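I have placed the structure first, in the form of structure tokens, so that the comments after it can refer back to it.
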Number of protein chains: 2
Amino acid sequence: MRRDIFQAIADPTRRAIIALIALQSMTPNAIAENFNTTRQAVSKHLRILAECELVKQQYQGREIFYSLEINKMKEIDKWLEQYRKIWDTRFNQLDKVLSTIKKNKK
Amino acid sequence: MRRDIFQAIADPTRRAIIALIALQSMTPNAIAENFNTTRQAVSKHLRILAECELVKQQYQGREIFYSLEINKMKEIDKWLEQYRKIWDTRFNQLDKVLSTIKKNKK
DNA sequence: AATTTGCGAAACCAAAAAGTTGCACATATA
DNA sequence: TATATGTGCAACTTTTTGGTTTCGCAAATT
């Protein structure tokens, strides 16, 4: 089961879980209350998220609090960077064209 | 078949295709040469990418040139934004802690 | 006109994924 | 100690996915 972060965020439930625990840590039961699936299904998603180090577990008695490993999210940002460069460039090109049009109008 | 952009970029081959056609448009055959799969498999990937408007097709005789719809990529960026805010905040908090430590050393 | 080339679509297959049910086990609580 | 609670794990089922093969069609080439 070779998971990567892109596969992890592909599932809409997992993205919802990420959003849920982004600000405060939660237990599997508390998370599952927000979905129409069983706790076990959520547990499976959490396991996948944990496998690619997107979430962190904190044991407290018999409860486990899951929280987002925000630094891991930067990997997506890093991947996006190459494309951000492209869309910035294209925007600048458009900008150039627009300013040329403006100039010619004068 | 409900496709979204996150599902589209989940597959490594599709991410490679995206990278390939990011700078110049290419035909399915030309794209397929870069992979160990058949042209038809690539064609299927292209169809998925087209379905969620990540690629644009340009017909030229019997050839079809595919190019990246870079604006669509911004959707990922937009989704990331909420988390970027979080990691910026946490970084600033860390920064605060570090400067406090520094101060106390003096 | 006959053949080659570039392409998408459909049918099929194997593997992976997502979900469910039924455990086992530890930690609380009575 | 007996019971309830919170959790992960394994087995199983269904759905989805990624791939191949085969086909048909249109545009080039001969």
Side-chain angles (χ1 to χ4, degrees), chain A residues 1-21 24-69 72 75-76 79, chain B residues 1-21 24-69 72 76:
Chain A
M1 251 193 259
R2 311 216 338 95
R3 307 269 186 195
D4 66 22
I5 195 170
F6 293 101
Q7 219 173 353
I9 64 165
D11 185 86
T13 304
R14 281 198 290 269
R15 284 202 302 282
I17 292 176
I18 288 174
L20 260 180
I21 62 171
Q24 87 274 27
S25 61
M26 292 173 76
T27 64
N29 266 322
I31 295 169
E33 275 172 21
N34 296 274
F35 301 99
N36 287 338
T37 59
T38 58
R39 177 192 58 78
Q40 283 88 341
V42 168
S43 203
K44 246 182 159 184
H45 283 305
L46 286 170
R47 192 176 148 212
I48 290 166
L49 291 171
E51 265 171 20
C52 50
E53 297 169 304
L54 256 170
V55 302
K56 177 174 63 194
Q57 297 157 306
Q58 205 161 354
Y59 295 81
Q60 198 164 306
R62 68 183 162 185
E63 289 180 316
I64 305 177
F65 287 84
Y66 285 85
S67 59
L68 184 61
E69 198 70 82
K72 196 69 180 183
E75 268 187 27
I76 303 164
W79 175 77
Chain B
M1 253 190 254
R2 310 212 338 92
R3 305 270 185 196
D4 66 23
I5 195 171
F6 294 101
Q7 222 174 351
I9 63 165
D11 184 84
T13 305
R14 283 198 288 270
R15 285 201 303 281
I17 291 176
I18 287 174
L20 259 180
I21 64 172
Q24 88 275 28
S25 61
M26 292 175 76
T27 64
N29 266 320
I31 295 169
E33 275 172 20
N34 296 274
F35 302 99
N36 288 338
T37 60
T38 57
R39 176 192 58 78
Q40 283 88 341
V42 169
S43 204
K44 248 181 157 184
H45 283 305
L46 286 170
R47 190 176 149 214
I48 290 167
L49 292 171
E51 265 172 19
C52 52
E53 298 170 303
L54 256 171
V55 301
K56 177 174 63 193
Q57 297 157 306
Q58 206 161 354
Y59 295 81
Q60 200 164 306
R62 68 183 164 186
E63 289 180 317
I64 304 178
F65 287 85
Y66 285 84
S67 59
L68 184 62
E69 199 70 82
K72 195 70 180 181
I76 304 165

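Chain letters run A, B, ... following the sequence lines, proteins first and then strands; every chain starts at 1. Predicted, not measured: the structure shown is a model, and the values here were computed from it.
A straight line from CZ of B:Phe65 to C1' of C:dG6 spans 11 Å, rounded to a whole angstrom. D:dT17 atom P lies 10 Å from atom CG of B:Asp4, rounded to whole Å. The distance from atom CD of A:Gln58 to atom C1' of D:dT7 is 16 Å, rounded to the nearest whole Å. Here the C1' atom of nucleotide D:dT5 and the CD atom of A:Glu33 are 14 Å apart, to the nearest Å. To the nearest angstrom, P of C:dG19 lies 9 Å from CD1 of A:Ile17. Atoms CZ (B:Arg47) and P (C:dA10) sit 7 Å apart, rounded to a whole Å. The separation between A:Phe6 atom CZ and C:dA17 atom P is 16 Å, rounded to whole Å.
Listed here is the closest heavy atom pair of B:Cys52 and B:Lys72: O-CE, 3.1 Å. Considering every non-hydrogen atom in both A:Val55 and A:Leu46, the closest pair reads CG2-O, 3.9 Å. What you find for B:Tyr59 and B:Ile64 is that their closest heavy atoms are CE2-CD1, 3.5 Å.
Residue pairs meeting the salt bridge (charged side-chain N to carboxylate O under 4.0 Å, His left out) criterion with at least one partner in residues 56-69 of chain A, sequence neighbours excluded, do not occur; the list is empty.
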Under 3.5 Å donor-acceptor pairs involving side-chain atoms of residues 9-17 of chain B, not counting sequence neighbours:
residue : atom : partner : partner atom : Å
B:Asp11 : OD2  : B:Thr13 : N            : 2.9
B:Asp11 : OD2  : B:Arg14 : N            : 3.1
B:Arg14 : NE   : B:Ala8  : O            : 2.7
B:Arg14 : NH1  : B:His45 : ND1          : 3.0
B:Arg14 : NH2  : B:Gln7  : O            : 3.2
B:Arg15 : NH1  : B:Ile9  : O            : 2.7
B:Arg15 : NH1  : B:Ala10 : O            : 3.2
B:Arg15 : NH2  : A:Asp4  : OD2          : 3.2

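Nucleic acid contact for A:Tyr66: sugar-phosphate only, since backbone atoms but no base atoms lie under 4.0 Å from a heavy atom of the residue.
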For nucleotides 18-30 of chain D, 5' to 3', base contacts (B), sugar-phosphate-only contacts (S) and non-contacts (-) with protein non-hydrogen atoms under 4.0 Å give BBBBB----BS--
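Taking side-chain N and O atoms only, A:Asn29 has a distance below 4.0 Å to OP1 or OP2 of D:dT7. The phosphate of D:dG6 (OP1 or OP2) has no side-chain N or O of A:Thr27 nearer than 4.0 angstrom.
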Original post:
Run the side-chain contact (heavy atoms from CB on, under 4.5 Å) check on A:Met26 and A:Asn34 step by step: do they pass?
Top reply: CA-CA 11 Å; A:Met26 292 173 76; A:Asn34 296 274; 4.1 Å; yes
